[in-house]
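The chains referred to below are lettered A, B, ... by the order of the sequence lines, with proteins before strands, and numbering in each begins at 1.
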Amino acid sequence: MKSKEILTAIIIAVLAASLLLPSALMVFGSPQNDGMDSYMIDNGQDIAAVNNIVTGVVFDFRGFDTLGEALVLFTAVLGVTLMFRRMKEDEEYEYE
Amino acid sequence: MNMSRIVRSTANILFPFILVFGFYIIVHGHLTPGGGFQGGAVAATGFVLLLVAFSPDIIRDKFSFNSMKYTEALGLLLFIITAFVAIALGTTFFFNWLANGGIIFGESVAFGANPGILNSAGTIPLMNVAVGIEVIGAMGLIIMYMLSGIEGGNKE
Amino acid sequence: MIDLYLLGQFLVITGLLISAVVIYILKDLLSAAIAFGVFSFLLSLEFFLLQAPDVAIAEAGIGAGLTTAIFVIAIRGTTSPVDSGEEEES
């Protein structure tokens with residue numbers, strides 16, 4: 001390998017590591033604004049009647065997000081279906 | 001285009017166990033980690049194992065494209081219907097209308113540790129099952145269409 | 001006294017680095033796809049160590065299962081220039 005490539009790789013690695021530096025300074029598991037999640041942890045089991053709070057958030061408090069996720073999956077299948085559909089006899093791909 | 005005998009035997013033996021594990025993750029989504037998406041992905045892995053291991057002639061009789069399409073659409077439809085019933089009952093969209101005293105899944109839980117009551121959580125298990133059905137159909141359909149794209153694959 | 005959590009994370013991250021380099025080095029496409037499956041599995045183990053079991057199950061199902069299957073299907077559907085070149089020589 002040329003020395004120029006190695007130098008480029010080292011510079012890229014140092015830049016990526018410097019981007020990761022702020023995350024290393026934070027304390028793991030204690031965000032600054034914890035009003036919303038402490039509300040869900042305190043009241044989620046009573047409101048949604050579910051012990052697994054993650055599922056309670058995903059399917060009850062944030063139901064719209066799950067609906068969007070399901071629609072994204074549906075759209076992905078739609079795209080794959082269009083890409084791999086069976087062509088008719090005289091049909092050809094047209095690129096513009 | 002069968003794969004080798006070892007792969008086929010392993011797929012035959014592992015398929016029911018993978019399927020049961022995926023359905024376990026789906027049904028227990030409101031008690032243990034996991035849920036509809038994760039369990040559906042695990043169950044779809046079982047289908048994909050069969051699709052990759054066996055030749056298209058054998059697969060074509062078992063799974064058709066239309067059945068997978070209907071499975072996926074049925075899952076999404078069940079999910080949206082469960083959400084819309086809440087509007088019909090006079091509450092907001094995605095309201096948990098079965099929680100704390102519904103006909104099924106109506107048992108309320110106490111704050112604190114997880115005792116593992118399966119009969120709780122209202123509409124969340126229904127939505128888990130709906131999303132699981134949708135994910136199984138979607139993942140299987142993606143793999144089947146990709147197999148139909150290669151030569152000698154599973155044509156529609 | 002060795003901290004088991006730190007030891008496990010050290011092992012998993014070392015395995016992640018090694019498997020990522022192995023994917024780049026391997027010339028055989030099927031071996032690279034299997035190495036990518038190993039990488040995904042180790043990544044799901046790392047998610048589990050970071051106390052995110054939901055993401056770990058999703059990663060194990062999608063990354064290690066379905067993505068490897070898609071790669072295997074794509075490799076089955078194409079011909080390798082290395083293999084066909086060797087057949088022409090022999």
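The number of heavy atoms from other shown groups lying within 6.0 Å of CZ (B/Phe15) is above 12. Within a 6.0 Å radius of CG in B/Leu89, other residues, nucleotides and ligands contribute more than 12 heavy atoms.
Using a 4.5 Å heavy-atom threshold, the side chains of A/Val80 and B/Leu141 count as separate. At a threshold of 4.5 Å between non-hydrogen side-chain atoms, the residues B/Phe94 and A/Leu67 count as touching. The closest side-chain heavy-atom distance from A/Thr66 to B/Phe79 is below 4.5 Å.
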| task | Take B/Phe93 and A/Phe64 through the test ring-ring contact (aromatic ring centres under 6.0 Å, His included) and record every step on the way to the result. | result | CA-CA 9 Å; B/Phe93 198 49; A/Phe64 268 104; 5.3 Å; yes
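Nearest heavy-atom pair across A/Val77 and B/Ala138 is CG2-CB, 3.5 Å.
Interface summary for chain A: among B/Gly75, B/Gly35, B/Gly29, the most heavy-atom pairs under 4.5 angstrom belong to B/Gly29. In terms of heavy-atom pairs under 4.5 Å with chain A, the best-connected choice from B/Thr32, B/Ile80, B/Asn128, B/Val131 is B/Asn128.
Here B/Leu76 contributes atom CG and A/Leu73 contributes atom CG; the two are 9.0 Å apart, rounded to the nearest 0.5 Å. Note that NZ of B/Lys69 and CG of A/Leu78 are 10.0 Å apart. Values are rounded to the nearest 0.5 Å. Once rounded to the nearest 0.5 Å, the distance linking CD of B/Glu134 with CD of A/Glu69 reads 8.5 Å. From B/Glu72, atom CD reaches atom OG1 of A/Thr81 across 7.5 Å, with rounding to the nearest 0.5 Å.
A donor-acceptor pair is defined here as one N or O able to donate and one able to accept, closer than 3.5 Å; no such pair exists between the side chain of A/Asn51 and the backbone of B/Leu31.
With a threshold of 4.5 angstrom between heavy atoms, B/Met146 approaches chain A through its backbone and through its side chain.
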